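Counting starts at 1 for both ligands and their atoms, following the listed order. Because the structure is predicted, anything quoted here is derived from the model rather than measured.
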Amino acid sequence: MTRCGQPNDPPISMTNKTQPQPSSELCAALAAAHAGARILSEYFADLAAAGIRTKQKGEQYQGIVTQADIEAEHAIVAEIKKAFPGHQFLGEEEHSAKPDADHLWVIDPLDGTNNFAHNIPHFAVSVAYYCNGEPQCGVVLDPSRGDTFTAEQGRGAWWNGERVEVNQHATLPETMIAAGFYYDRGPMMKATLAAIEELFEQNIHGIRRFGTAALDLVQVGLGRFGGYFEYKLSPWDFAAARIFLTEAGGKITTCKGEPLTLTTSTVLASNSLLHQPMLEIVKKHADF
Ligand code: IPD
Ligand code: CA
Ligand code: CA
């Protein structure tokens, strides 16, 4: 079994408010995510300008979005390789290492592609490091707001250097829920709508669908949402944000309550207290 990278400090308690020294893996993840974000921000500005000036058609936007996506992934991988040349990569665009690789980096260079393509400033870069299949550290960047979300196993969840925790909502009528829709427009979409209807019947405050899974998960960790579910996510969508969420005191499983692995699956995330009531609803509709 390969030895995993050791963070510099021992695990911290929930009351610790000072961000521990980052491990070398977290430093690399941060540098890499910023390199990706710089590329996305440039392309996003170009898209906005093109939209105003020439009102280009959808297909023309799509080409630029794909270019931004691929360039950002290359920049992220290049940055990590500077520090860890022997490590492997699982990225949405062009890297396909096996999920059980000893030292694995899981990357979504652009999460929220549809927002990006429509000039909506709500997208993210997501970079996570796993060792022997176990989550070690993760970074989610929101370039539009300048927000950095980081977490390392046993060292808390940090938002721009501030320690954060999930909310303490214990019942569904106290809380706001987020959901995601995969690109499917058939049975999966209907199942999602049916689960949302049932959640509304429980008198939740509302449903939000922001279109960037990594930021949806992060926002459960920030205490804005009591829970989030989606019937199909890929490992790069949740690899980094799941570490942030669990370090913030949240819980994440499949929509059937099984442990999450680095494979494409359903995802249910919560503040922990709402996991069971949400699971009862989302599980009922998960066979489609
Ligand atoms: C998508 C976003 C979206 C979620 C989709 C994902 P992409 O990722 O995270 O919020 O609903 O299921 O595929 O395609 O923008 O990287
Ligand atoms: Ca994604
Ligand atoms: Ca993506």
Side-chain angles (χ1 to χ4, degrees), residues 32-33 35-37 39-41 43-44 47 58 61-77 89-96 99 105-128 138-144 149 177-193 195-196 207-221 224-225 227-245 252 254-255 260 262-269 282 286 288:
I39 290 170
L40 295 187
S41 298
Y43 275 102
F44 191 72
L47 271 177
Y61 278 124
Q62 209 44 53
I64 303 178
V65 172
T66 308
Q67 215 174 310
D69 222 341
I70 293 173
E71 252 184 61
E73 184 166 316
H74 280 286
I76 291 165
V77 170
F89 298 90
L90 174 61
E92 177 164 18
E93 300 306 324
E94 297 197 325
H95 295 84
S96 51
W105 292 83
V106 190
I107 297 157
D108 194 342
L110 169 54
D111 188 36
T113 319
N114 227 347
N115 284 342
F116 190 93
H118 289 269
N119 290 158
I120 299 166
H122 188 79
F123 52 89
V125 181
S126 172
V127 179
V139 172
V140 176
L141 285 191
D142 174 345
S144 312
F149 305 99
I177 299 292
F181 287 83
Y182 188 67
Y183 294 96
D184 167 274
R185 297 293 177 265
M188 195 187 296
M189 180 193 69
K190 291 200 172 77
T192 308
L193 291 171
I196 288 175
I207 284 280
R208 295 293 179 266
R209 193 290 191 250
F210 285 124
T212 301
L215 291 177
D216 290 332
L217 287 163
V218 154
Q219 293 192 85
V220 180
R224 292 176 182 164
F225 303 136
Y228 158 79
F229 78 99
E230 179 154 354
Y231 283 132
K232 187 171 176 184
L233 283 183
S234 300
W236 41 81
D237 295 318
F238 59 75
R242 94 188 263 196
I243 309 173
F244 184 87
L245 171 76
I252 187 163
T254 69
C255 288
L260 210 59
L262 275 183
T263 50
T264 297
S265 77
T266 61
V267 170
L268 170 63
V282 298
F288 37 80

**Student:** Do any nitrogen or oxygen atoms of T212 lie less than 3.5 angstrom from nitrogen or oxygen atoms of ligand 1?
**Tutor:**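 Indeed, backbone or side chain, T212 has an N or O that close.
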**Student:** What are the atoms of ligand 1, with element, lying closer than 4.0 Å to any heavy atom of Y182?
**Tutor:** 12 (O)
**Student:** Between L233 and ligand 1, is there a nitrogen or oxygen pair with a distance under 3.5 Å?
**Tutor:** no
**Student:** Quick check: does D108 have an N/O/S atom under 3.0 Å of the Ca ion (ligand 3)?
**Tutor:**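 It does: D108 brings an N, O or S atom closer than 3.0 Å to the Ca ion (ligand 3).
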**Student:** Side-chain contact, heavy-atom cut-off 4.5 Å: S144 with F123?
**Tutor:**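 They are in contact (side-chain heavy atoms under 4.5 Å apart), so the answer is yes.
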**Student:** Looking at D184 and M189, would you say the former's side chain and the latter's main chain have a donor-acceptor pair under 3.5 Å?
**Tutor:** yes
**Student:** Using only atom types and a distance under 3.5 Å, with no angle test, would you say the side chain of N115 pairs donor to acceptor with the backbone of H122?
**Tutor:**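 Yes, because the side chain of N115 sits within donor-acceptor range (under 3.5 Å) of the backbone of H122.
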**Student:** Considering only heavy atoms of D111, which atoms of ligand 1 have at least one such atom less than 4.0 Å away?
**Tutor:**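 Those of ligand 1 that fall under 4.0 Å from D111 are 1 (C), 2 (C), 7 (P), 8 (O), 9 (O), 15 (O), 16 (O).
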**Student:** Could you tell me, atom by atom, which parts of ligand 1 come under 4.0 Å of a heavy atom of G112?
**Tutor:** 7 (P), 15 (O)
**Student:** Rounding to 10°, state the angle centred on the Ca ion (ligand 3) that links OE1 in E92 with O in L110.
**Tutor:** 170°
**Student:** What part of D237, side chain, backbone, both or neither, has a heavy atom within less than 4.0 angstrom of ligand 1?
**Tutor:**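 Near ligand 1, D237 shows its side chain, while the N, CA, C and O stay back.
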**Student:** What atoms of ligand 1 come within less than 4.0 Å of a heavy atom belonging to K232?
**Tutor:**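 Answer for ligand 1: 12 (O).
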**Student:** Can you name the atoms of ligand 1, numbered from 1 with element, that are less than 4.0 Å from a heavy atom of A213?
**Tutor:**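 Close to A213: 2 (C), 9 (O), 10 (O).
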**Student:** At what distance is the nearest protein heavy atom to atom 11 (O) of ligand 1, and which residue and atom is it?
**Tutor:**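 Scanning the protein heavy atoms, the shortest distance from atom 11 (O) of ligand 1 goes to E230 OE2, 2.7 Å.
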**Student:** Report the part of R209 in contact with ligand 1, treating N, CA, C, O as backbone and CB onward as side chain, heavy atoms under 4.0 Å; options are side chain, backbone, both, neither.
**Tutor:**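 Side chain only.
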**Student:** Is there a heavy atom of F210 sitting under 4.0 angstrom from any atom of ligand 1?
**Tutor:** no
**Student:** For ligand 1, which is the ligand I care about here, please tell me if N114 has any N or O atom under 3.5 Å from one of the ligand's N or O atoms.
**Tutor:** no
**Student:** How close does the nearest protein non-hydrogen atom get to atom 7 (P) of ligand 1, and which residue and atom is it?
**Tutor:**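 Ranked first by proximity to atom 7 (P) of ligand 1 is T113 OG1, 3.4 Å.
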**Student:** Can you check the angle at the Ca ion (ligand 2) formed by OD1 of D111 and OD1 of D237? Round it to the nearest 10°.
**Tutor:**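 OD1 of D111 and OD1 of D237 make an angle of 110° at the Ca ion (ligand 2), to the nearest 10°.
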**Student:** Heavy atoms only: which of G211, G180, A241 lies closest to atom 3 (C) of ligand 1?
**Tutor:** G211
**Student:** Is ligand 1 under 4.0 Å from a heavy atom in the side chain of L110, in the backbone, in both, or in neither?
**Tutor:** backbone
**Student:** Check whether the ring centres of F44 and F116 lie less than 6.0 Å apart, and answer yes or no.
**Tutor:**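 Between F116 and F44, which both carry aromatic rings, the centre distance is below 6.0 Å.
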**Student:** Hey, does the side chain of D111 reach the backbone of A214 with a donor-acceptor pair shorter than 3.5 angstrom?
**Tutor:** yes
**Student:** Within a distance under 4.0 Å of any heavy atom of F181, pick out the atoms of ligand 1 and give their elements.
**Tutor:** 11 (O)
**Student:** Atom 14 (O) of ligand 1: which protein heavy atom is closest, and how many Å away?
**Tutor:** Y183 OH, 2.7 Å
**Student:** Using a strict 4.0 Å cut-off to heavy atoms of E92, name the atoms of ligand 1 that fall inside it.
**Tutor:** 16 (O)
